[in-house]
Amino acid sequence: DVCSSDLDIRNLRERNLNGNISEWENKQMLQNILNKQDLLKKLTDEIRQENKQKNKIAHKFNKQDEALLQKQKEIQKLLDEVMTDELKKLMEQLQELQDKFNQKLMEKLLKENEFSYKEMSDRLDRTKELLKREQAEQKINKTINRLNKLSEEQKNLAKQTNEKSLSKDGLTKKQKNISDQFKDAMKEYEDAKKINDELKNKMKLDDFKKQKNKINQEFKKSEENLQKGRKSKASNSQSKNSQNMKNMAKAMNSMMQAN
């Protein structure tokens, strides 16, 4: 546990002050502290790399989304605060001390560096929380965009079905494609809910079970009617589903505004 490094350093300091520790024990406790410091650094580097990747995606696909870009900057600032130059210097000094043990140097370092690992770990936790929430938000926003796009595709297909401009097989193939894309969009939303469940401060996310079942039922009706050549009924179901998906996207957007 990264947080326990603060306790380890205090314990090491107290035992040295009491003179109740051997050189071998000193080295072992130092190694334990260094291991935890290394873990903190690796975790920080991992989050920093993930944040850089998200920055690239944000600039490429969401240039208009100023709120998202601002959040990325806040995360980067937090990361810079976690692994400071002072901490890096101390880690180097402790490693040097571990390689070549010096009692006086160790006492000097322990006395001069009364910092809190718990504070750094808390910062790291807050940063990870921000990253996870952002990841969930991006997936939900992607789902909303896909629903609006599918709504338009379904609307156009309803028109083509009514006009009888395509063959039965052509219409059925297009309808199945929209249905499959809807399933993918719902999977994206479920992934967002799973990420949300990992957050300490969870967003209030609806399951949209009724809306999803209603849309899937209309898909089924559309496909059955197309297979049986009942294009007028199929077009009616398709038009209904276009509105259903539009309403679902609107409800998701309202839900996110409330969070």
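Owing to the predicted nature of the structure, the values given are computational and were not obtained by experimental measurement. These values consider heavy atoms only, across backbone and side chains, with no hydrogens, waters or symmetry-generated copies.
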Rounded to the nearest 0.5 Å, how far apart are [atom1] of [X] and [atom2] of [Y]?
{"X": "Ser237", "Y": "Lys220", "atom1": "OG", "atom2": "NZ", "result": "12.5 Å"}
{"X": "Lys202", "Y": "Glu198", "atom1": "NZ", "atom2": "CD", "result": "9.0 Å"}
{"X": "Asn196", "Y": "Asn201", "atom1": "CG", "atom2": "CG", "result": "10.0 Å"}
{"X": "Thr172", "Y": "Leu166", "atom1": "OG1", "atom2": "CG", "result": "10.5 Å"}
{"X": "Lys193", "Y": "Lys139", "atom1": "NZ", "atom2": "NZ", "result": "14.5 Å"}
{"X": "Lys212", "Y": "Asn244", "atom1": "NZ", "atom2": "CG", "result": "14.5 Å"}

Item to complete: Identify the heavy atoms of Gly229 and Lys168 that sit nearest to each other, and give their distance.
Response: N-CD, 4.5 Å
Worksheet, complete the sentence: What one should report as the nearest heavy-atom pair of Met255 and Asp206 is SD-N, 3.2 Å
Worksheet item: Do you know which of Asn162, Leu171, Leu226, Asn225 makes side chain to side chain contact (heavy atoms under 4.5 Å, CB included) with Gln238?
Response: Leu226
Worksheet, complete the sentence: Tested for side chain to side chain donor-acceptor pair (under 3.5 Å) against Gln154, the lone hit among Glu218, Lys159, Gln175 is Gln175
According to a hydrophobic-cluster definition based on side-chain heavy atoms being under 4.5 Å apart (Ile, Leu, Val, Met, Phe, Trp, Tyr only), do [X] and [Y] belong together?
{"X": "Met256", "Y": "Ile195", "result": "no"}
{"X": "Ile215", "Y": "Phe208", "result": "yes"}
{"X": "Phe182", "Y": "Tyr189", "result": "yes"}

Worksheet item: Would Asp180 and Lys176 pass as an ion pair if we require N to O under 4.0 Å?
Response: yes
Check: [Y] main-chain N/O paired with [X] side-chain donor or acceptor under 3.5 Å:
{"X": "Asn236", "Y": "Ser232", "answer": "no"}
{"X": "Ser151", "Y": "Leu147", "answer": "no"}
{"X": "Ser235", "Y": "Lys231", "answer": "no"}

Answer yes or no: is there a side-chain heavy-atom contact under 4.5 Å between [X] and [Y]?
{"X": "Glu137", "Y": "Met203", "answer": "yes"}
{"X": "Asp184", "Y": "Arg146", "answer": "yes"}
{"X": "Asn241", "Y": "Lys214", "answer": "no"}
{"X": "Gln181", "Y": "Glu153", "answer": "yes"}
{"X": "Lys155", "Y": "Lys246", "answer": "no"}

Worksheet entry | Candidate pair Lys240 and Gln217, rule side-chain contact (heavy atoms from CB on, under 4.5 Å), full reasoning | CA-CA 11 Å; Lys240 283 182 181 179; Gln217 285 173 6; over 6 Å; no
Practice prompt. Decide whether Asn247 and Gln243 meet the rule of one side-chain donor and one side-chain acceptor closer than 3.5 Å.
Written response: yes
Worksheet item: Just wondering, are more than 12 heavy atoms of other shown residues or ligands nearer than 6.0 Å to NZ in Lys164?
Response: yes
